[in-house]
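Values below: all heavy atoms of this structure, side chains included; hydrogens, waters and symmetry mates excluded. Just so it is clear: chains get the letters A, B, ... in the order the sequence lines come, proteins before strands, and each one is counted from 1.
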Amino acid sequence: MKGALRPAAAAEMIPDGASLLIGGFMAVGTPERLIDALVARGAKDLTVIANDAAMPGRGIGKLVTARAVSRVVASHIGLNPELQKLMIAGEIEVELVPQGTLVERIRAGGVGLGGVLTPTGLGTEVEQGKQKVEVGGRTFLVEEPITADFALLAAYQADYVGNLCYSLTAHNFNPTMALAGRTVIAEPASIVPVGVIPPDAVKTPGVLVDHLIVRAA
Amino acid sequence: MKGALRPAAAAEMIPDGASLLIGGFMAVGTPERLIDALVARGAKDLTVIANDAAMPGRGIGKLVTARAVSRVVASHIGLNPELQKLMIAGEIEVELVPQGTLVERIRAGGVGLGGVLTPTGLGTEVEQGKQKVEVGGRTFLVEEPITADFALLAAYQADYVGNLCYSLTAHNFNPTMALAGRTVIAEPASIVPVGVIPPDAVKTPGVLVDHLIVRAA
Amino acid sequence: MDAKELIARRVAHEIRPGMLVNLGIGLPSMVANYVPAELGVFFQAENGVIGLGARPPEGMEDENLTDAGGGFVSAVPGAASIDSAMSFGLIRGGHLDMTVLGGLEIDEAGQLANWKVPGKMVPGMGGAMDLVTGAARVIVAMQHAARGASKIVPRCTLPLTSLRRIDLVVTELAVIEPTEEGLVLREHAPGVSVEDIRAATAASLIVPAEIAEMQLA
Amino acid sequence: MDAKELIARRVAHEIRPGMLVNLGIGLPSMVANYVPAELGVFFQAENGVIGLGARPPEGMEDENLTDAGGGFVSAVPGAASIDSAMSFGLIRGGHLDMTVLGGLEIDEAGQLANWKVPGKMVPGMGGAMDLVTGAARVIVAMQHAARGASKIVPRCTLPLTSLRRIDLVVTELAVIEPTEEGLVLREHAPGVSVEDIRAATAASLIVPAEIAEMQLA
C-alpha cells in the first residue's frame, strides 16, 4: 500500500538537475499539479523527455516559461514558440526524435532491451552519428534506450497499490514511461480503495509506481 | 463490421504449409475450437509459433497428436512428451526461444522494428549464429522479428468491429500476436454489439482483426 | 470552393471502406468532413484512440479526448483507446492503411520534406517520419505553391522526412503520382489546363495522353 | 520436515515487504505458502497477473486464472492482469525484485544450468533465461544432490541458463552465496555440519569462521 503525497512534497523529492519523463500529448494526460509544484519550488536545470513541449501556460510549457528546463528531448515543439526561441538562442538544448522512435526508446529503457532497430529516420538528418544494423537484408538504425531519474505520469484512476488506469487520448506516453523512471510518481484524477479496479482494467501495474499524488481538493 | 465465421470455414482458409501464431500459455487462452477445426480438416505441414506446446489433448497438443505440425517455435515443450519424442526422432523440427525474446520477436515483427536487442541468451547456446551489437558499452544479441501467415487468437469478448478484450492469465501472447499475423482470426468467448465495449477496455483494436469465430453453440 | 476544400474533397475520394486512416493537423484533417459515415472508415490520430469523430456539441467536450493538435473530438461506436507505443506500432508496422500529410516540398524522386526549414522553423518531425516510413499508402495534401514558389521541385532542398517514395500528391491544381520513372500527372483540377500545371511546377512532369479531371467527394 | 519444505521455508525468509516475486514451477512455488499475507508481497507468474493467490475452493476455479504450470490460482485484491510482453518487460527490465528457480547445476562462478540435459531432457528454457538475466535478485532453490551426485559443481557441464552470477543457493543442507571469490557457505541446516556439507558438495566452498544456522519462516 502506498500513501499519497501532496504535489509540493513530491516536488521536494525531485532535485535540480534531474531527468524527468513527463507524460502527455499537447498537455493532454500531463500531470499539471506536479508541474505547478515544480514551478512553485523554483526547480532548475531539469532535463524533460516528453512527446512535445505543449504550449505556453499548459503542461511542460509552464516549466519552459519558468526556465526550469535546460534540455528537452521531444518529437515536436511546434506549438511552443517560446521554446523555439530559447532553442535558437542556445539557452535550452533540444533533441528532436521521431515520435514512434521516442516511445520505443523509452520502452526499450524500461523493459531492459539494448535499443531499438527502426527504419524510421534512415536517410534523414536523424541517422547522423548513429550505428546501423542489417537484419534479413534490410538496414535499420540503432536508437539508444532512454531511462530517467523520474517518470511523472497523469492517470485517470489509481488504487493505493499504485495500479493505474488511463482515459482515451490521455494514455499516450504515460503507460510506457511508467516502465522507465527510476522513481515513478503518478497524479491520478481519482484514487479508489484496493480491490475496486478490476485486474483486466489495470494498464500500469502498481509495482511500477513509487508514489501517488493526492486527489485535487 | 465483420461477420463471424464457423470454425470449419476458418480452417478452410488456412492452407497446409501455413505458419501460425497461436495464442495461449499451457493451453490457457488458446483458440480450442479453431484448433479442433484444423484437426478435423486434416491440416498438414503447419509451422506453429507459440509460447509452448501445451499437453496432449489440449490446445496445440491436439495439433501435435494429429501430426498436423512440421515445425514448432516455442519457449517450452516440457509438458508435451509426445512432441519431445517426435523432436528427438527428427519428425518435427523445434526451435526453442527464451520466452521474453519470443514475445519481443513477435512484437518486433508486428510493429515494424528490425529485431530485438536483448541481453537474454548471451553466453548460452541461444547466441549461436546470431549477430551481436554493442550499445552504450554493453553487448546485446540481435534477435530477428517474427511474423506469420495467420494469428489464431483466443479472446474473452469481441464486438463486430473486431475489438478484443482478454481475461486474466488468458492474455499472455494473444495481444502481441494480433499485430504479427498477416491474417488475424480471433475466437472470442462472447461477441457483443458495436459500442458495448468501452474504448478504454479494448486491448486489441478491431482494425487488426480480419475474422471472428462465432460463439460456441 | 477554396483551394483547401478542393484538395480535401479530392483526397476523400481515395478512401475505401473500412480503412484505418491517419490525418495530419491542418488541411489533411479537413478530409474527414467529406468521408461518408457509411464507409466505416476509422480515423486515428497518432496521440491515441482509433475511431475519432467530430467535435462534440459545446459543453460536451472531454479534456481526455482530443486530436493530435489538441482539438476536442468525439469517439464513434467501436472506438478503441491506444497508447503511443501501440499507435506507432500500428503506423510503423504497416497496419495503417493510409496517412494524409501536409508537405513543404516534394521532388521528382517522390520524396517529401515537411518537418524543418533550417534556421527558420524547427517544429520537429512529430509522427511524420514514422507515418511516411510505415503507412501502407502516403498521400500528401498541400497547396501547389508557397509564396509564389512551386513546392514540387526537382530535388528537395529541405531536410527529408523519409527515403520512402510517397504514393500520391494532391494540390488545388493537380493530382500527381510519383513513380519510379518520375512524377506522373494524373488529373487536373476543373478549369485548369496541363499548361497551367506545368507553368506552376518547378519539377519535370510526365504527362500521359489521357489526363482525367479531378473527381471530388 | 522434508527437504523441500525446509528449502521453501528458508527461501521465504528472504522475502521483504512489498516485493514483486516470481516463483518457478515445482519446489519454488511452495515458497508462497510460508510468506505471511501482511508482508504485502505480490507474486507473479510469467504467464500474467501480478497478485496471484492460493488455489480457490473447488468449483470456484477460473479457467483463465492459472499459474505458469497451468494450475488454478486466485487473485488478491489489487491484482493486475498483464500480457506476456509486459510480464517479460518487468522481468528483463529489472522491475522484478526476486525470482526463485530450480536448478540442475550451480558452479563456482555462481552460474546456473537449469533448462536442458542434452540428448535426455530438452523441455526448453521457458522464462528461465530472462528471469536469471533480468531479475534484481535470483535465488536457486534445489536439493543439494540428484541421484547421489552433487548439483553444486566446479564448472557447469550442462548448458548455461545465463552468464549472470546468481545471488543465493538454498538447499536442504546449506545456504550458499556465490561471490566474485567463489561459493561462500553462509548457513547450515539444523543438525548438519560443515563437514557434512563439504562432503556433499563437488565444488570448493569458502567457509568463513562464522556459519549461522538456517532461519526458517
field: Salt-bridge contact A/E12-A/R41 (side-chain N to carboxylate O under 4.0 Å)
entry: no
- prompt: Taking side chain as C-beta onward, heavy atoms only, is D/T171 less than 4.5 Å from D/I152?
  reply: yes
statement: Among A/D159, A/I197, A/L113, A/T147, the residue with the most heavy-atom pairs under 4.5 Å to chain D is A/L113
- prompt: Just checking, any donor-acceptor pair under 3.5 angstrom between side chains of A/D210 and A/T183?
  reply: no
task: Identify which part of A/L179 has an atom lying under 4.5 Å from any heavy atom of chain D, answering side chain, backbone, both or neither.
output: both
- prompt: With a 4.5 angstrom heavy-atom cut-off, which part of D/M86 approaches chain A: side chain, backbone, both or neither?
  reply: side chain
Residue, of D/G18, D/G40, D/A80, that accumulates the most heavy atom pairs under 4.5 Å with chain A: D/A80
field: Beyond-backbone contact of D/Q143 with D/K4, side-chain heavy atoms, under 4.5 angstrom
entry: yes
